[in-house]
Amino acid sequence: MDAIFTKLTDREKRFIGPMKVWSTYKGSSDNQAIQKGIDEMFALNDNEWKDGNVGRYIILLIQKQFINGRTDTEEYKKLEKRLAVLAEDKIKDKRLINKAHLAFVNFSLFEAIKDKDPELGALYLKKAYDLSSKGNNEYEYQSFYDNVFTGAKKDYSEVYLAELGKRSGKDSVLKEYISEFAKSPAKSFSMLKQFYHGNYDKASFSSFLKSDVFPKLENAPAFLLKDLAGQEVAPSHFEGKWTFIDFWGTWCGPCVAELPEFNSLYEKKYALMEDKLKILTISCYDQEADLKNFISKNKYSFPVLISDGKVQTDYKITGYPSKVLISPEGKMIPIEFGQDWKSLVEEFVSL
């Protein structure tokens with residue numbers, strides 16, 4: 001590997017260098033030798049840290065030292081200080097990657113000292129929780145691979161809230177669940193429901209959501225769009241019932257791939273639920289003639305609105321397909337890509 005490394009450009013060395021250091025020491029049972037690799041990477045400058053994802057490789061070497069018998073947390077503390085600076089980077093992807101590393105380092109510190117110093121351990125866990133991503137917009141895809149390598153989590157909400165319950169009681173935990181729900185309702189709903197059912201009267205869950213939780217959500221932005229027949233449609237037309245909106249486009253491969261199943265669900269199920277659920281889709285960045293031809297060719301029957309170019313911005317849509325559920329009171333529940341939106345629709349509509 002050394003022979004290959006010498007032929008690389010300086011830029012390539014910045015990207016590969018930290019991995020090379022890690023590969024040199026990853027199999028060592030000598031913690032002093034591993035420390036040389038850790039020190040070598042700590043000496044790199046900020047650009048080398050960001051380009052080479054140094055945080056990942058230092059974490060891996062510290063983990064190896066703990067496997068070998070290390071018990072002190074000095075290197076984790078040193079790493080925490082360095083990552084705290086990098087987690088403020090102006091470039092979003094670099095910032096989020098190092099923020100995720102910083103969350104895991106704080107979680108690792110919690111794990112290392114929770115039995116010896118529960119109070120300090122709780123502080124580290126709270127930091128890990130606060131630094132956790134609250135949705136896909138705060139999660140860089142590369143962090144998925146970091147998590148695979150290091151054993152880190154996407155977020156530490158469940159661990160933190162479980163520990164909080166042991167220390168502070170169920171009412172304090174419920175407040176945190178409500179806060180989590182307000183930030184990422186679709187993601188947090190099942191955890192909130194499970195906790196509430198396990199600690200309070202199940203029968204009151206629906207009224208609790210409507211009185212204590214839903215008011216904390218953002219109002220769904222208003223819009224007035226035309227459907228394929230030229231009729232104007234607005235969310236206000238469906239006040240008092242749940243409204244499901246799918247943002248999509250004929251140019252979007254994943255969108256088009258799910259439409260046959262979506263149309264089948266609409267015809268066989270959702271169209272029969274219009275007393276309590278209204279289904280809408282909004283086509284974005286499509287030419288009207290092409291859109292009409294696409295719908296006609298595929299014999300789709302679900303309602304289609306034509307974007308005015310503004311609605312997707314108002315709803316903070318950053319990728320396609322994206323789905324949003326609007327409560328009967330007009331509150332917005334974004335559903336992140338990859339979440340089981342069908343189950344969520346069932347859950348909310350049945351409240």
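Along the sequence shown, the residues carry numbers beginning at 1.
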**Report entry** Under 3.5 Å: donor-acceptor pair, side chain of His197, backbone of Gln194
**Finding:** no
Query - More than 12 heavy atoms of other groups within 6.0 Å of Gln287 CD - result: no
Report task. Would you confirm whether Asn98, through its side chain, and Leu83, through its main-chain N or O, come within 3.5 Å as a donor-acceptor pair? Result -> no
Requested in this report: Please check if Val311 and Ile335 belong to a single hydrophobic cluster, counting links between Ile, Leu, Val, Met, Phe, Trp and Tyr side chain heavy atoms closer than 4.5 Å.
Outcome: no
Report summary line: Shortest non-hydrogen pair, Tyr76 vs Ser108, comes out as CZ-CB, 3.7 Å
Query raised in the report: Do Lys331 and Asn219 have side-chain N/O donor and acceptor atoms under 3.5 Å apart?
Result: yes
Requested in this report: Report yes if some heavy atom in the side chain of Lys50 is under 4.5 Å from a heavy atom in the side chain of Asn47; otherwise report no.
Outcome: yes
Report summary line: Minimal heavy-atom distance between Cys255 and Pro321, with the atoms involved, is SG-N, 3.4 Å
Query raised in the report: Are the side chain of Asp72 and the backbone of Glu74 linked by a donor-acceptor contact shorter than 3.5 Å?
Result: yes
Requested in this report: Kindly assign one of parallel, tilted or perpendicular to the pair Phe110 and Phe107, based on the angle between their ring planes and the thresholds 30° and 60°.
Outcome: tilted
Report task. For residues Gln65 and Asn31, report the shortest heavy-atom separation together with the two atoms involved. Result -> NE2-O, 3.1 Å
Report task. Measure the acute angle between the ring planes of Phe42 and Trp49, then classify it against the limits of 30° and 60° as parallel, tilted or perpendicular. Result -> tilted
Query raised in the report: Do you know which two heavy atoms are closest between Gly27 and Lys64, and how far apart they sit?
Result: C-CE, 4.2 Å
Report task. First locate atom NZ of Lys342, then atom CZ of Phe262, and finally report the distance between them rounded to the nearest 0.5 Å. Result -> 10.5 Å
Query - Asn199 and Leu174, any side-chain heavy atoms less than 4.5 Å apart - result: no
Query - Aromatic plane relationship, Phe208 with Tyr196 - under 30° parallel, 30 to 60° tilted, over 60° perpendicular - result: parallel
Query raised in the report: Within a radius of less than 6.0 Å around NZ of Lys241, do more than 12 heavy atoms belonging to other residues, nucleotides or ligands occur?
Result: yes
Query raised in the report: For the atom pair CZ (Phe144) and CZ (Phe149), what is the distance rounded to the nearest 0.5 Å?
Result: 10.5 Å
Report task. Verify whether one side chain among Asp146 and Asn53 offers a donor that lies under 3.5 Å from an acceptor in the other. Result -> yes
**Report entry** Any donor-acceptor pair under 3.5 Å from Trp341 side chain to Asp246 backbone
**Finding:** no
Query raised in the report: Out of curiosity, Ser350 OG to Lys276 NZ, how far, rounded to the nearest 0.5 Å?
Result: 8.0 Å
Requested in this report: Answer with yes or no whether the hydrophobic clustering places Leu325 together with Phe223; edges join I, L, V, M, F, W, Y residues whose side-chain heavy atoms lie under 4.5 Å apart.
Outcome: no
Query raised in the report: Between Tyr315 and Phe247, is the ring centre distance below 6.0 Å?
Result: yes
Query raised in the report: Run the salt bridge (Lys or Arg N to Asp or Glu O under 4.0 Å) check on Lys94 and Glu88 step by step: do they pass?
Result: CA-CA 9 Å; Lys94 306 297 184 185; Glu88 299 296 326; over 6 Å; no
Requested in this report: Starting from the C-alpha separation in whole Å, work towards a yes-or-no answer on salt bridge (Lys or Arg N to Asp or Glu O under 4.0 Å) for Glu347 and Lys193.
Outcome: CA-CA 10 Å; Glu347 289 267 18; Lys193 180 181 177 182; 2.7 Å; yes
Query - Pro185 backbone acceptor or donor facing Ser188 side chain under 3.5 Å - result: no
Report summary line: When rounded to the nearest 0.5 Å, the distance separating CG of Leu265 from CD of Glu258 is 10.0 Å
Query raised in the report: Should the pair Phe189 and Phe205 be assigned to parallel (<30°), tilted (30 to 60°) or perpendicular (>60°) ring geometry?
Result: tilted
Report task. Determine whether Ile16 and Ile59 fall in the same hydrophobic cluster, where Ile, Leu, Val, Met, Phe, Trp and Tyr are linked whenever their side-chain heavy atoms lie under 4.5 Å apart. Result -> yes
Requested in this report: Please check if the side chain of Ser211 supplies one atom and the backbone of Ser207 the other of a donor-acceptor pair under 3.5 Å.
Outcome: yes
Query - Residues Asp89, Arg95; criterion salt bridge (Lys or Arg N to Asp or Glu O under 4.0 Å); working and verdict - result: CA-CA 5 Å; Asp89 197 272; Arg95 179 176 70 251; over 6 Å; no
Query raised in the report: Does Asn106 reach the main-chain N or O of Leu102 with its side chain, forming a donor-acceptor pair under 3.5 Å?
Result: yes
Query raised in the report: Regarding Asn293 and Ser296, is there a side-chain donor-to-acceptor distance under 3.5 Å anywhere?
Result: no
Query raised in the report: With distance as the sole criterion, is a donor-acceptor pair present between the side chains of Asn263 and Glu267 under 3.5 Å?
Result: yes
Query raised in the report: Is the NZ or CZ atom of Lys170 both under 6.0 Å from the centre of the six-membered ring of Tyr200 and within 45° of that ring's axis?
Result: yes
Requested in this report: Could you tell me whether the side chains of Asn68 and Ser29 share a donor-acceptor contact shorter than 3.5 Å?
Outcome: no
Report summary line: For Pro303 and Thr281 the tightest heavy-atom approach is O-OG1, 2.7 Å
Query raised in the report: Run the salt bridge (Lys or Arg N to Asp or Glu O under 4.0 Å) check on Lys187 and Asp155 step by step: do they pass?
Result: CA-CA 11 Å; Lys187 172 186 170 185; Asp155 74 77; 3.2 Å; yes
Query raised in the report: Distance from Gln312 atom CD to Ile245 atom CD1, nearest 0.5 Å?
Result: 12.0 Å
Query raised in the report: Quick one: are Glu75 and Gln35 in side-chain contact, heavy atoms under 4.5 Å?
Result: yes
Requested in this report: Could you label the plane-to-plane angle of the Trp242 and Phe214 rings as parallel, tilted or perpendicular, counting under 30° as parallel and over 60° as perpendicular?
Outcome: perpendicular
Requested in this report: May I ask you to decide if the ring planes of Trp248 and Phe294 are parallel, tilted or perpendicular, using 30° and 60° as cut-offs?
Outcome: tilted
**Report entry** Distance-only side-chain donor-acceptor flag, Arg70 / Gln63, under 3.5 Å
**Finding:** no
Query raised in the report: Are any non-hydrogen side-chain atoms of Leu192 and Leu209 less than 4.5 angstrom apart?
Result: yes
**Report entry** Whether Ser322 side chain and Gly319 backbone form a donor-acceptor pair below 3.5 Å
**Finding:** yes
Query raised in the report: Side-chain contact, heavy-atom cut-off 4.5 Å: Asp130 with Lys126?
Result: yes
Query raised in the report: Is it the case that Tyr124 and Glu80 place a side-chain donor and acceptor less than 3.5 Å from each other?
Result: no
Query - pair Ile178-Lys216: side-chain heavy atoms closer than 4.5 Å - result: yes
